[in-house]
Protein chains: 2
Amino acid sequence: MALFLSRFENKVDKKGRVSVPASFRSALGDQLHKGLVLFCSNQHACLEGFDWARMDEIGERLDQFDMFSEDQDDLATTVFGESVQLICDGDGRITLPTDLMEAVHISDKAVFVGLGRKFQIWSPELFERRRTQARDNVTDRKLTVPRAERGSHDA
Amino acid sequence: MALFLSRFENKVDKKGRVSVPASFRSALGDQLHKGLVLFCSNQHACLEGFDWARMDEIGERLDQFDMFSEDQDDLATTVFGESVQLICDGDGRITLPTDLMEAVHISDKAVFVGLGRKFQIWSPELFERRRTQARDNVTDRKLTVPRAERGSHDA
DNA sequence: AATAATCCCATGATATCCCATATATACCCA
DNA sequence: TGGGTATATATGGGATATCATGGGATTATT
């Protein structure tokens, strides 16, 4: 499955187009033609991006909730209801919907941040803040990558 | 899995290219084509390098967190967001990104230090300092290599 | 027809490929 | 053992391809 790495700051032109980093595109492999799925993060002022395979998996995981549970509905509504599918054009660009851009304060520059299975899109200013915050959390709370195989770890 | 050993001082040309030591390359084996993953160390003024399999594994492990957990995001942002994937060219060289070079004060020479599962890249001057410091720590504190099987020692 | 979305091509910058050379190490044969 | 040759590795430079980006043309949309 796709693995998204490192950071890229790309320009957003006046039509709202941004180049998806080439390495992200190649990470998608043959999933590329299905495009990306974007939605507003619930935690941060940024967009979250996934490939289709991952969206499928999110569906699976939500299925583990009790059917008709409120939680499932809430999550499904924010994740699936709010998400958009964007196809790359011939030059590897996507056009960011204006409402999403406004929601996360992106105007003329966008930072793509690889987070492994997913990636995020930030305004450069907000990401700088987020970057130090994440780093501080990791050191303060001594977070480490969990060992293989154990059950889910959460805060 | 790859084992990185010993030290090599190689030149960095004006394009930012360095030869990856041949022994490191052969340690990578068939992982070579996927390249190396580099990022700034949190402890020292140096770069840390892993093979791709290792990165994949970290992605795998982070997957065990609940989706959208804060901890997962913090870790992923610092681990994946800060790292870069570098592919060796036909002559076994990588081009170091300028921002990484500046961060660890590498200009025209780079020292590759094998550390077993990972390796580090230093500027020759800083490494000399680090070398004596590490040696002193080991003798002062009588450090030894721990036995097998116990808990994971990870970044 | 007016507006927006998509496609297509041009450009500059950067990174990648390819070949030439130097240097060191391993190898071979007398 | 010694001398010489072959192989691998490191390094330099120029040609080539890729990528990000801008602008215009073309097609949908209503």
Side-chain angles (χ1 to χ4, degrees), chain A residues 2 4-29 32-38 49 84-102 106-114 119 121-124 127, chain B residues 2 4-29 32-38 47 49 52 83-102 106-114 119 121-124:
Chain A
F4 302 104
L5 272 189
S6 88
R7 289 191 333 259
F8 303 89
E9 179 171 317
N10 287 343
K11 283 197 78 174
V12 181
D13 68 18
K14 46 193 166 193
K15 293 180 189 175
R17 295 179 300 183
V18 220
S19 290
V20 175
S23 74
F24 283 23
R25 273 180 277 144
S26 67
L28 287 171
L32 181 60
H33 69 283
K34 286 191 172 179
L36 304 163
V37 181
L38 288 190
V84 287
Q85 180 185 17
L86 298 176
I87 315 275
C88 290
D89 67 16
D91 302 318
R93 287 181 284 197
I94 51 174
T95 5
L96 297 174
T98 48
D99 55 331
L100 287 186
M101 285 181 60
E102 283 166 14
I106 287 177
S107 55
D108 62 335
K109 289 196 173 175
V111 179
F112 287 74
V113 187
F119 62 91
I121 306 179
W122 289 79
S123 88
F127 179 67
Chain B
F4 303 106
L5 281 183
S6 120
R7 282 190 350 256
F8 304 88
E9 180 171 319
N10 287 343
K11 280 199 78 175
V12 180
D13 68 19
K14 47 192 166 195
K15 291 181 188 175
R17 294 179 299 184
V18 219
S19 290
V20 175
S23 73
F24 283 23
R25 273 181 276 143
S26 65
L28 287 171
L32 181 60
H33 70 283
K34 286 197 169 179
L36 305 163
V37 181
L38 289 190
L47 305 177
W52 182 260
S83 60
V84 281
Q85 181 187 18
L86 299 176
I87 315 274
C88 289
D89 67 15
D91 304 319
R93 287 180 286 196
I94 52 175
T95 41
L96 297 174
T98 49
D99 55 331
L100 288 186
M101 286 181 59
E102 283 166 13
I106 287 177
S107 54
D108 62 336
K109 290 199 173 173
V111 179
F112 287 75
V113 187
F119 62 90
I121 307 179
W122 291 79
S123 87

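In what follows, every heavy atom counts, from backbone to side chain, and hydrogens, waters and symmetry copies are set aside.
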Compare every heavy atom of A:I94 with every heavy atom of A:I87, then report the nearest pair and how far apart it is. O-CG2, 3.9 Å
Taking the six-membered ring for Trp, is the centroid-to-centroid distance between B:F4 and B:F24 below 6.0 Å? yes
Lys/Arg-Asp/Glu bridge criterion (N-O < 4.0 Å) met for B:D91, B:R93: yes
Looking only at side-chain N and O atoms, does A:K14 come under 4.0 Å of OP1 or OP2 in D:dG23? yes
Ignoring hydrogens, what is the shortest heavy-atom contact between B:R25 and B:L32? Give both atom names and the distance. CG-CD1, 3.9 Å
Contacts under 3.5 Å, N or O only, protein and nucleotides 8-11 of chain D:
from, atom 1, to, atom 2, distance (Å)
D:dA10, OP2, B:R25, NH2, 2.6
D:dT11, OP1, B:K11, N, 3.3
D:dT11, OP2, B:K11, N, 3.4

Protein and nucleotides 13-16 of chain C: nitrogen or oxygen contacts under 3.5 angstrom:
from, atom 1, to, atom 2, distance (Å)
C:dT16, OP2, B:T95, OG1, 3.3

Looking only at heavy atoms, which two atoms of A:V113 and A:W122 are closest? And how far apart? CG2-CD1, 3.9 Å
Closest heavy-atom pair, A:F127 versus A:V111, reported as atoms and distance to 0.1 Å, is CD2-CG1, 4.2 Å
Using the rule given for side-chain contact (heavy atoms from CB on, under 4.5 Å), can you reason through B:L38 versus B:L96, listing the C-alpha separation, both sets of side-chain angles and the distance that settles it, and then say yes or no? CA-CA 9 Å; B:L38 289 190; B:L96 297 174; 3.9 Å; yes
Could you tell me the separation between the CG atom of A:L86 and the C1' atom of C:dC7, rounded to a whole number of Å? 17 Å
Return the minimal non-hydrogen interatomic distance between A:A27 and A:A2, and the atom names on each side. O-CB, 3.3 Å
